[in-house]
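Report on one structure; see the data block that follows.
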Amino acid sequence: MAEKMLLIDGNSIAFRAFFAMHNQIDKFTNQNGLHTAAIYGFKLMLDHVLANYQPDKALVAFDAGKQTFRTEMYADYKGGRAKTPTELTEQLPYLHEMMHACGIKTYQLANYEADDIIGTLARLGDQAGDETLIVTGDRDLTQLVTDNTTVAVTIKGVTQTEMYTPAHFQEKFGVTPTQFIDMKALMGDSSDNYPGVTGIGEKTAQKLIQEYGSLDGLYENIDQMRKSKRKENLVNEEKIARECKDLATIRRDAPLTIGLDDLKYQGVQTEELIKFYQEMNFKSFLSKMNVAPSTEEATDAKEIAYTELTADNLDLLADLDHHVTFQLEMPNENYHLSTFAGFVIGDGQKWLVSRDESLLQTAPVKKILTSDQYTKDVFNAKAQIVGLHRLGIDLNYVAFDLLLASYLVDPSDNSNDLGELAHAHDYYDVKSDEEVYGKGVKRAIPTDDQVFFTHLAQKARAIHELRAPVYAQLKEHEQMPLYEDIELPLTYVLAKMEIAGIKVNAQTLKEMGSKLKERLAEIEQVIYQEAGTEFNINSTKQLGEILFDKMKLPVIKKTRTGYSTAVAVLEKLQGYSPIIGHILEYRQIAKLQSTYIEGLLKVIHSSDQKIHTRYLQTLTATGRLSSVDPNLQNIPVRLEEGRQIRRAFVPSEPGWKIFSSDYSQIELRVLAHITGDKNLQQDFIDGKDIHESTARRIFHLLPGEAVTPDMRRHAKAVNFGIVYGISDYGLSQSIHVTRKQAHEFIESYFEEFPGVKKYVTEIVKSAHEKGYVETLTHRRRYLDDIHSKNFAKRSFAERTAMNTPIQGSAADIIKIAMINMDKMLRAHNLKARMLLQIHDELVFEAPAAEIPTLEKLVPQVMDSAFKLDVPLKVESKYGDTWYDLKK
DNA sequence: GTTTTCACG
DNA sequence: ACGTACGTGAAAACT
């Protein structure tokens, strides 16, 4: 029977793995100072391949040493290569050890390279009718491709590969795998250090082989070739070419001492692998296997005692300490709708668990959750508040929220899973939900009490035990005020907003929907006419074929997978055909229809005709909120057609209005404050139109001269660019000027605003030194790529270093305003409710009679949220729907 | 599950 | 020369 064989080029994969992880090389060492990055990367690759390929036979081939038959033939073969770093060579013996633990044979053969071992085995496999996959970091091995042998070459990192089949090979190189060897004979190989024929590179070699079929064919017909320097070289260097062909050819008849029968894949030897991981200090692999990192800790770490709480033993609650850990378990991440699976409550000594959420409504439990006599530690307080609210319980006096606090310590640690987050804190005595509940369709709460209750108790224990270390980190980062005075109080405010929800008129949406549907059908027909065929307009692939293959429109931009058909591209094609305009119109309407009409209709709660979004408080890298299920922070506003959607958002009570206040230019004001730039500050203090005054400065206008609309537009783009971490390229794209002009705008800006220039230099320098940047409230973001050798990655990190303090500080300010606003509404006994936050805007609903109060109060609270060196400006509007807002 | 596109600040 | 504007979420197509 045909079997599947996996052949791995050990040295080249180790090499790739080592350099893929090179920028983190110091992170990967074990207890004995052994470097382990290549071993780690190798295992990532291996797991990836095994999961996707599932071989019956497997082998990792290694080079035996520097001396091979090739170096005998040609002394300089692979000469001139830098010495392999010892940090890599020291890892090779352990790779053999790891492969053994993985149940995979390793092999090397004196005088031969790994390539030849693989070539020979692949031939044997072909003859036996096996299917073979070769994994390598070296493109040379693609010459082994046949109908039964596929070669996977790593692209970047180690898990991404490019699969070479005969067809793909042909497409890529325009020749067959065998012909490719002849190409190499002509063009040589600089990394293996053999020369080929003088003056012939890849393109010429390809052309010649395509023309003559092979090296032999070329030399048989060389007399007919017209006289040229190239012909002269080919004739003079025939011997070299033939030698190079020999060097380039991978042997398929190496004298192996093993055969196919020796390659059976044995599967993982679990105990051996665990021991190996522990020796290598591979914590993440260990935690995936549910094993603690070191042998001592591994013993019985998972054991935990718990008691099942029932209606009959509620008196146990009275014995609890007054500082408890609590978790209401909701299997669905949307806590507005999730079922309840059970809960755990305890104090570090004793853990009480139950599947019966109705026990929460009994007096003793309810007292603990609501009373100021008990402080509560939880994971995701907002989810707990909303979930308990649905059970009629007002959770209060939360002290520690593991999710929220961890996010402040490092916002990139933003897993919503308690187990995963604990693992990130090097705490392993708890599993992730995915491990216990499964994923996809198989996800389910375990029916086995032991399994479920253990998981619940372990989660609670993890919260309890991580409190001290996480608090310590918050203190070290000077983030206690951010946590205690901003994020934790904000959680209650957000919970209140989510619970309140916003009323949406389904009828309005449906009516708009049917009109849009008609228009879509019309435009669709027109497009089919213009294209001369029917196709799926939503498919970028099909659309690309129509526009660029069939209609031969010029290709403006390509994506990784094909033609780009994005708006910017289509706009450039406007003049070529009326179809472009129709496609743009179709896109716009289709977007409204699918995302906003149908999307919003799906999430209106039937019980109250409201939409209850969830704000994610622990997701963004900058400290902004995000909004999901649905996203209410991207409801259309810029174009009138889309803006109409807002007509459906209405007050939830008769006689009420929608009221909204937004910060004007908050990010530029924050920029003026943080940079201390006197010119920028003065413009804000003087209450100027900031884009206009920027234009005035950067275009050096005299007092009487007018700012043209174009000048203002350009200045506005420069201002945006400054906030984003400007680059001349980015600016040139946004305002359609040359890169040189964009560069001049930026230079001029920096001359006029020297404080901003100084800030840009200093924040990047500081980010390099510290590895992170901070906002006004000590919110922190780490920039791992700031030290990258990769220009693109490093540049991105540098722009981020500029942008994050600005975007993040603006987020801090509105968060403070929200907390203060919530207090004010209560202090003034107002019925008004805060419903939405859209980064620089707060949306309320309120009785008409309260509008005058809000018009004074909201701007007052928002203005004074944070004292900057420049004034904050707030503008308010109100109306009968979210669409109808007027000043 | 990933890619492309497009809605928002 | 490199290769992009900063931060998000959702839908649809494709693999």
Side-chain angles (χ1 to χ4, degrees), chain A residues 52 160 163 411 439-440 535-544 557-570 583-584 586-600 602-603 613-616 619-639 641-643 645-646 662-667 671 717-735 739 742 746 773 781 788-808 810-811 814 836-841:
Chain A
N52 290 304
Q160 271 193 57
M163 295 295 240
K439 66 171 174 179
F535 65 104
N536 184 348
I537 308 169
N538 288 318
S539 161
T540 50
K541 191 159 167 271
Q542 293 180 34
L543 180 61
K557 193 178 148 199
K558 286 197 150 196
T559 64
R560 230 162 43 71
T561 52
Y563 305 114
S564 171
T565 65
V567 168
V569 171
L570 294 181
I583 290 166
L584 285 167
Y586 180 92
R587 280 254 177 92
Q588 197 200 331
I589 298 172
K591 173 88 180 173
L592 291 177
Q593 178 76 324
S594 64
T595 304
Y596 296 104
I597 302 286
E598 288 168 10
L600 289 175
K602 267 186 251 173
V603 291
T613 185
R614 284 183 298 131
Y615 289 103
L616 304 186
L619 182 135
T620 70
T622 55
R624 276 190 175 182
L625 300 177
S626 87
S627 156
V628 293
D629 291 343
N631 181 356
L632 291 182
Q633 291 181 318
N634 71 345
I635 302 302
V637 64
R638 291 173 191 168
L639 299 175
E641 295 222 87
R643 193 177 191 141
I645 299 281
R646 297 184 171 217
D662 69 300
Y663 283 114
S664 157
Q665 308 294 358
I666 187 166
E667 290 189 344
L671 178 75
V718 173
N719 278 331
F720 268 99
I722 294 292
V723 170
Y724 290 157
I726 201 155
S727 73
D728 49 15
Y729 179 87
L731 180 62
S732 72
Q733 289 297 300
S734 94
I735 51 175
R739 200 165 156 166
I746 296 167
V773 290
R781 178 179 185 177
S788 173
K789 279 189 216 152
N790 180 317
F791 176 89
K793 283 187 180 173
R794 192 177 62 249
S795 304
F796 182 44
E798 288 172 358
R799 290 197 296 275
T800 310
M802 275 202 58
N803 170 266
T804 295
I806 297 166
Q807 191 183 114
I814 195 165
L836 304 176
Q837 188 253 43
I838 309 155
H839 310 306
D840 61 358
E841 175 185 6

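In what follows, chains are A, B, ... by sequence order, proteins preceding strands, each numbered from 1.
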Which nucleotide in the set C:dG7, B:dC8, C:dC2 lies at the smallest distance from any side-chain heavy atom of A:V637?
B:dC8
Between CE of A:M802 and C1' of C:dG7 the distance, given in whole Å, is 15 Å
Should A:T800 be listed as having a side-chain N or O under 4.0 Å from OP1 or OP2 of C:dC6?
no
Rounded off to whole Å, could you give me the CD-to-C1' distance for the A:Q733 and C:dC6 pair?
16 Å
Is a donor on one side and an acceptor on the other found under 3.5 Å between the side chain of A:S627 and the backbone of A:P630?
yes
Less than 4.0 angstrom between a side-chain N/O of A:T561 and OP1 or OP2 of B:dT4, yes or no?
yes
Side-chain (A:R646) to main-chain (A:I635) donor-acceptor, under 3.5 angstrom
yes
Give a yes/no answer on whether the side chain of A:R587 brings an N or O atom under 4.0 Å of OP1 or OP2 in B:dC6.
yes
Go through B:dA7, C:dA12, C:dG7 for me and flag the one nearest to the A:S594 side chain.
C:dA12
Among C:dT8, C:dC14, C:dA10, which nucleotide has an atom closest to any side-chain atom of A:T620?
C:dT8
Does any donor-acceptor pair link the side chain of A:Q633 with the base of B:dC8 at a separation under 3.5 Å?
no
Would you say A:R624 reaches C:dC6's phosphate, i.e. side-chain N/O to OP1/OP2 under 4.0 Å?
no
Let me know the distance between NZ of A:K557 and P of B:dT4, rounded to the nearest Å.
10 Å
Taking the same atom, P, in B:dT3 and in C:dT4, what whole-Å distance lies between them?
14 Å
With a 3.5 Å cut-off and heavy atoms only, can you find an N or O donor on one side and an acceptor on the other between the side chain of A:R560 and the base of B:dT3?
no
Identify which nucleotide among C:dG3, B:dG9, B:dC6 has an atom closest to any side-chain atom of A:D840, counting heavy atoms from C-beta outward.
B:dG9
Measure from the side-chain heavy atoms of A:K602 and tell me the nearest of C:dA5, C:dC14, C:dA11.
C:dA11
Assess whether one donor atom and one acceptor atom, taken from the side chain of A:R794 and the base of C:dG3, lie less than 3.5 Å apart.
no
What interatomic distance, in whole Å, is found between C1' of B:dC6 and the corresponding atom of C:dG3?
23 Å
OH on A:Y724 to CD on A:Q807, rounded to 0.5 Å
8.0 Å
At under 4.0 Å between heavy atoms, what does A:A590 touch on the DNA or RNA strands: base, sugar-phosphate, or nothing?
nothing
Go through A:E841 and A:Y663 one step at a time and tell me if the side chain to side chain contact (heavy atoms under 4.5 Å, CB included) criterion holds.
CA-CA 6 Å; A:E841 175 185 6; A:Y663 283 114; over 6 Å; no
Heavy-atom nearest pair, A:D728 first then A:A742, reads O-CB, 3.3 Å
Indicate yes or no for a side-chain donor-acceptor contact from A:N803 to the backbone of A:V723 under 3.5 Å, with no hydrogens or angles considered.
yes
Just call it for A:G721: base, sugar-phosphate, or nothing, with non-hydrogen atoms closer than 4.0 Å on any strand.
base
d(CG, A:L632; P, C:dG9) in whole Å
13 Å
Atom CG of A:N631 and atom C1' of B:dC6: how far apart are they, to the nearest Å?
12 Å
Select one nucleotide: of B:dT4, C:dG9, C:dG3, the one nearest the side-chain heavy atoms of A:V628.
C:dG9
Of the nucleotides C:dG7, C:dA10, C:dA5, which has the atom closest to the A:D629 side chain?
C:dA10
Do the side-chain N or O atoms of A:T595 get closer than 4.0 angstrom to the phosphate oxygens (OP1, OP2) of C:dG9?
no
Could you please name the option among C:dG3, C:dA12, C:dA10 that lies closest to any side-chain atom of A:A792?
C:dG3
Starting at NZ of A:K591 and ending at P of C:dG9, how long is that distance when rounded to a whole Å?
13 Å
Is any side-chain N or O of A:R781 closer than 4.0 Å to OP1 or OP2 of C:dG7?
yes
What nucleic acid atoms does A:S734 come within less than 4.0 Å of, heavy atoms only: base, sugar-phosphate, or nothing?
base
Please check the phosphate of C:dA12 (OP1 and OP2 only) for any side-chain N or O of A:S539 closer than 4.0 Å.
no
If pairing means Watson-Crick or G-U wobble with both distances under 3.5 Å, then the partner of B:dC6 is C:dG9
Mind checking if A:L731 touches a base, just sugar-phosphate, or nothing, with heavy atoms under 4.0 Å?
base
If I take atom CG in residue A:L600 and atom P in nucleotide C:dA10, what distance separates them, rounded to the nearest angstrom?
11 Å
Contacts of A:F796 and A:P630 projected onto DNA chain C by closest heavy atom; the upstream (5') one is A:F796
Measuring from the side chain of A:Y729 (C-beta onward, heavy atoms only), which nucleotide among C:dT4, B:dA7, C:dT8 has the closest atom?
C:dT4
Of all the heavy-atom pairs spanning A:K789 and A:R794, show the shortest one and how long it is.
O-NH1, 3.6 Å
Looking at A:T804, does any N or O in its side chain come under 4.0 Å of the phosphate oxygens OP1/OP2 on C:dC6?
no
Within the 4.0 Å heavy-atom criterion, would you say A:I806 contacts the bases, only the backbone, or no part of the nucleic acid?
nothing
Kindly compute the distance separating OH (A:Y615) from CG (A:L625), expressed to the nearest 0.5 Å.
7.5 Å
Say you draw a straight line from NE2 of A:H839 to CD1 of A:I666; how long is it, rounded to the nearest 0.5 Å?
12.5 Å
Which listed nucleotide (B:dA7, C:dC14, C:dA12) is nearest to the side chain of A:N538?
C:dA12
Do the side-chain N or O atoms of A:N536 get closer than 4.0 angstrom to the phosphate oxygens (OP1, OP2) of C:dA12?
no
What is the nucleic acid contact for A:A717, judged by heavy atoms within less than 4.0 Å: base, sugar-phosphate only, or nothing?
base
Any N or O donor-acceptor pair linking the side chain of A:S727 to the base of C:dA5 at under 3.5 Å?
no
Atom-to-atom span, CD of A:Q588 to P of C:dA11 - whole angstrom:
18 Å
